[in-house]
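Values reported hereafter were calculated over all heavy atoms of this structure, with side chains retained and with hydrogens, waters and symmetry mates removed. As the structure lists them, so they are numbered: ligands from 1, and atoms in each ligand from 1.
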Amino acid sequence: MVKSIGPKKIRTAVFISGTGSNLKNLIKFSLKKKSPIEIILIISNNPKAKGLEYSKIYKIKKKIYNYNKKKISETKTLKDLKSNDINLICLAGFMKILSKDFINNFKGKILNIHPSLLPKYKGLNTHDRAIHNKEKYSGCTVHLVNSKLDSGKIILQKKVKLSKKETVSSLQKKILKHEHILYPKAISKLFANP
Ligand code: GRF
């Protein structure tokens, strides 16, 4: 009997700047038979990003551009994305803001994970602000990226309860665990075959 070859997976690039726990988690997800994505490329603006080690471990191509001169780095990145036939970008702790031009090149094909219940707490230091404001809940959001910071269409959110003694570090850990569940879930929601 001829083994049937499953449907083609979406060629995906993941952009990181640091630890890369979401990257690792997305790679593991991508290796599952049912996953709609395949991770082809890792982009980092930070040569010291810990997450770059997953390039070696999982044999995935990596490219590093410093993004100090954004236009130049974006042009190089776009060239890599085109030459690798990339069809989806997953931002995962990427700390640079992409230009409108760049985003227009990948309209509707860039996802981001943000550690708050958007539209609350766009930008940085989300946990600090949530605790300071005595929020009962925070959480994480997977959304499409448009040219306004953390403002694209929301795909999925997970609400997380703050404890009375919550610290930035405990909340960050708590929410990160949920990020690792939410990102693959959002990708499946968008692209999974019925
Ligand atoms: C995550 O909390 C993500 O939501 C935020 O940056 C953090 C990245 O963590 N955008 P990691 O590098 O994936 O471990």
Donor-acceptor contact present, side-chain Thr126 to main-chain Pro115, <3.5 Å = yes
Is there a nitrogen or oxygen of Asn22 sitting under 3.5 Å from a nitrogen or oxygen of ligand 1?
-> yes
From the candidates Gly18, Ala92, Gly20, the one that places a heavy atom nearest atom 12 (O) of ligand 1 = Gly20
Would you please say whether a donor-acceptor pair under 3.5 Å links the side chains of Tyr67 and Thr77?
-> yes
State whether Tyr137 and Lys159 meet the cation-pi test: NZ (Lys) or CZ (Arg) under 6.0 Å from the six-membered ring centroid, and within 45° of the perpendicular axis.
-> yes
Looking at Gly93, which atoms of ligand 1 are within less than 4.0 Å of one of its heavy atoms?
-> 6 (O), 8 (C), 10 (N)
Please name the residue in the list Asp80, Asn45, Asn46 that meets the side chain to side chain donor-acceptor pair (under 3.5 Å) test with Tyr65.
-> Asp80
For ligand 1, is any non-hydrogen atom under 4.0 Å from Glu179's backbone (N, CA, C, O), its side chain (CB onward), both, or neither?
-> side chain
Contact check, Pro115 vs ligand 1, heavy-atom distance below 4.0 Å = yes
Could you tell me whether the side chain of Lys153 and the main chain of Gly108 form a donor-acceptor pair under 3.5 Å?
-> no
Close-contact set for ligand 1 against Thr19 heavy atoms, below 4.0 Å = 12 (O), 14 (O)
Can you tell me if Ile16 has a non-hydrogen atom under 4.0 Å from ligand 1?
-> no
Within-4.5 Å side-chain heavy-atom neighbours: Glu166 and Lys174 | yes
Relative to each other, are the rings of Phe102 and Phe106 parallel, tilted or perpendicular (30° and 60° limits)?
-> parallel
Measure the distance from atom 14 (O) of ligand 1 to every protein heavy atom, then report the residue, atom name and distance (to 0.1 Å) of the closest one.
-> Ser21 OG, 2.6 Å
Among Ile113, Asn25, Leu26, Leu124, closest by any non-hydrogen atom to atom 10 (N) of ligand 1 = Ile113
